[in-house]
Every structure is written in structure tokens, then in C-alpha cells.
Amino acid sequence: MAVTIKDVAEAAKVSTATVSHVLNETRYVSEETRRKVYDVVRELGYVPNMNAAGLRNGKTKRIALLVPAIGSFFSIDILESVEQVFRKEGYQVIIGCSREDLQCERDQVDVFNYQQVDGMLMFPAPGDHSYLDRMPRKYPIVFIDRSAENCQRDLFIGDNEQAVYELVKQMIEAGHRSIGLINGVEGVPVMAERIRGYRRALEEAGIPFDETLIRNGNSQSEGGYRAAEWFVQDGRVTAILSLTATMTLGCMKYLTLHKVPVPQRVAVVGFGETEWAEITQPPLTTLRHPLFEMGRRAAERLIMRIKEAESGAKPEPYETVRMPIELVRRETF
């Protein structure tokens, strides 16, 4: 017998209205109550009744987009590209945020499941994603920008390790032997890939790897600011590579406010091309992530997977597509 919203409410010891508000995000509900409802939904395997929801053929024409941060430059650019693809196919995009936290991600996926999405594009948060294979309702999922631990799906990602390796080689050839790295959120696979490229270039040049030259900026502007402050005060670093655009903004803010000559005192390269890169003083050299193309191709793959499932055809094997990342030379390096 199918689990109903009444069953969830009784098990969670709340009203059916509260369960509805939690899953539809239509009214404020305390964190403790939200957590209780989500736990019961997972435990009972609750999925809304399709007929009661007034749906035909089990399709809502809704696509979920789960990003690490709503306001990040990365998320905004991706949303623009995927929305164009889905709009042409008659789909509405529903956006959610994980805040790079697995529990928050799972809560948001529960909301998407309640909203009966037909598919999902996802930037996986750090941690075990085997739960995606155990969801009571199955639909296609495509990963963007990073792989997911213990879960295989199509993946569209930049060639992170190679891009950083080639950049650091150029920095070394330009005379920089003490290169500071501002790292993002710990546990995100792409950050580990970028650090591997950094280490490989140093090792090939015979430069010892120094862990103190990697500072954790936690993918925040404040983190980039503090990392730049540490590098300048330490005095050894002559070049900085920041691994996210938001941290780069904080890094450049510190260097500008404290009148640190760039690139004379310290060269700077930021990961991620942004509109403001051209108007910093001096204009910022960046590694340009193929965001628009990555989002477009991921969206097209998700549409293909949805149609594949509807037709009942044998699924094509999952594919990982690595896309080149371009160095845009300006004046900071």
C-alpha cells in the first residue's frame, strides 16, 4: 500500500499541512521539524500520488538544477545556458542550493522529489552519493563540474588537472618558484584535481611541494582575502593561483586595498572567467572554464536521457566528458 502524506504526518507527529509546507517550502518551519519530516519521508519512501497531483503520464515538465551556491558567478552562468536548452523543450527549471553540504543537498533532493521533477542537473556536494541509487522514484541525473562519490552518472567537467599543470609550468618558466594556491571547499573532487596539476608541475621542475603554500579559502571572498593577506605577510610567494572566482575577488580586494603591486610584487591568476576580470586594476588573467558549453551539453544530455527512458530503449553507457580550460592572458600574469 502506497505511503500517504497522512502517514508521514503521523510518523513525524506533525500535521499534514506542516508536511506540505516543508516539502513545498511554502512557509517557515523550524529546522528541527524540517529535519524530522525529511527523515520520515526517507524512512517511509514517501512519493506524492501522481493522480492526486493532477499529473498526466507521470510528467511535470520540471527540471531540477542543484548548485553549490545560488549567487555564485558559476551558478548564474550555468543557469543561463541550461535554461535556454530546457525552454526550447518546454521544461521549467527549478533551482536549489546545497551550500556544499551533503545533508542540505539531500533535503533539497527530497523537495525536488516531492515536486515530481522529470530529471536533475547536479553539482554534487562532498560525500557519499549512493543514496541517489536508492531513491524510490527514479529519473535521469546528469552531473556537472564534479563527480559524485559512490554514484555513476553522465558527467560534464573541465579538464582541471591539465589546465592547472600547464599554467603552473608557465609560472615556473617565468621565474616563479614559490607559488601560492588558494584552495576551495575541502572534499570537492575538482579541487583535488587542480591540486594534482599544481603538484605535478612543481615535481617536474624539481621544486619541493610545500603544504604551507596552499591556503584554504573555503570558496568564499573572505577566504580569498585572508589567504592573500597570509601570502603577502609571509613574503615568499611571488605568484598566486586562486581556484574559484569568488576567492579571487577577495584576493584582489586585499591586494588593491593594501597597494600590493601586481604583477611586480605578486602575479595573480584566477580560476573562472568573469565580466569584472577585464576591469580590475590591472586586468586579471584567468583560466576560463567552458561554463556555457558545459551547461548546454549537460542539459542536452539530460533531455536525451529523459527521452531514452520514455522510449524504453536500452540505456547508453554513462559518459564522462572533459572539456578544455583556456588561459586568458591579461596583465596580472
Side-chain angles (χ1 to χ4, degrees), residues 67-79 97-101 123 125-126 145-146 158 160 163-164 167-168 171 176 178-195 197-198 210-289 291 325 327-333:
V67 297
I70 296 291
S72 72
F73 305 109
F74 198 100
S75 300
I76 292 168
D77 288 340
I78 287 288
L79 178 60
C97 176
S98 72
R99 300 182 181 88
E100 298 286 18
D101 178 81
F123 293 74
D145 188 52
R146 74 270 298 259
N160 293 278
V164 172
L167 168 66
V168 175
M171 287 179 162
H176 299 286
S178 186
I179 302 169
L181 192 72
I182 308 179
N183 190 21
V185 173
E186 296 286 351
V188 176
V190 291
M191 298 301 167
E193 291 180 8
R194 294 169 189 177
I195 291 173
Y198 170 81
D210 184 348
E211 287 188 0
T212 66
L213 297 185
I214 297 182
R215 312 305 296 179
N216 187 353
N218 202 36
S219 298
Q220 300 294 321
S221 177
E222 177 67 17
Y225 185 98
R226 295 304 173 198
E229 179 181 44
W230 190 93
F231 288 139
V232 170
Q233 292 180 359
D234 179 72
R236 292 174 292 163
V237 164
T238 62
I240 296 173
L241 170 59
S242 170
L243 296 186
T244 74
T246 304
M247 295 189 305
T248 305
L249 187 62
C251 173
M252 291 298 290
K253 179 180 178 180
Y254 175 85
L255 298 174
T256 300
L257 290 177
H258 292 81
K259 298 181 171 54
V260 178
V262 178
Q264 295 84 359
R265 166 62 182 83
V266 60
V268 179
V269 177
F271 211 108
E273 175 73 344
T274 64
E275 290 185 359
W276 52 261
E278 293 184 294
I279 61 171
T280 60
Q281 292 299 321
L284 180 69
T285 297
T286 63
L287 286 167
R288 188 185 70 82
H289 225 222
L291 296 179
I325 294 171
L327 179 64
V328 181
R329 290 297 291 262
R330 294 195 179 92
E331 298 178 27
T332 59
F333 169 65

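Everything quoted here is computed from the prediction, not taken from an experiment. Positions are given from 1, in the same order as the sequence printed here.
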Expected output: side-chain [X] to main-chain [Y] donor-acceptor under 3.5 Å:
{"X": "R330", "Y": "L284", "answer": "yes"}
{"X": "T286", "Y": "E273", "answer": "no"}
{"X": "S178", "Y": "T238", "answer": "no"}
{"X": "T332", "Y": "T285", "answer": "yes"}

Suppose we screen for ring-ring contact (aromatic ring centres under 6.0 Å, His included). Which residues come up paired with Y254, at least two apart in sequence or across chains?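 Result, ring-ring contact (aromatic ring centres under 6.0 Å, His included) vs Y254: Y225, H258.
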Please report the interatomic distance [atom1]([X]) to [atom2]([Y]), rounded to the nearest 0.5 Å.
{"X": "H289", "Y": "F271", "atom1": "NE2", "atom2": "CZ", "result": "4.5 Å"}
{"X": "L327", "Y": "I325", "atom1": "CG", "atom2": "CD1", "result": "11.0 Å"}
{"X": "N218", "Y": "I182", "atom1": "CG", "atom2": "CD1", "result": "12.5 Å"}
{"X": "E211", "Y": "I195", "atom1": "CD", "atom2": "CD1", "result": "9.5 Å"}
{"X": "L167", "Y": "I179", "atom1": "CG", "atom2": "CD1", "result": "8.0 Å"}
{"X": "E229", "Y": "D234", "atom1": "CD", "atom2": "CG", "result": "12.0 Å"}

Checking R329 against F333: charged group under 6.0 Å from the ring centre and within 45 degrees of the axis? yes
Closest heavy-atom contact between I240 and M171? O-CE, 4.1 Å
How far apart are the closest heavy atoms of F231 and V237, and which atoms are they? CD2-CG2, 3.6 Å
Exactly one candidate in L181, L287, I214, N160 meets side-chain contact (heavy atoms from CB on, under 4.5 Å) with L243; the answer is L181
Is it true that T212 and R236 share a donor-acceptor pair across their side chains at a distance under 3.5 Å?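 R236 vs T212: donor-acceptor pair found between side chains.
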Taking side-chain hydrogen bond (donor to acceptor under 3.5 Å, both in side chains) as the definition, give me every residue that meets it alongside Q220, ordered by chain and number, with sequence neighbours left out.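 Applying side-chain hydrogen bond (donor to acceptor under 3.5 Å, both in side chains) to Q220 gives none.
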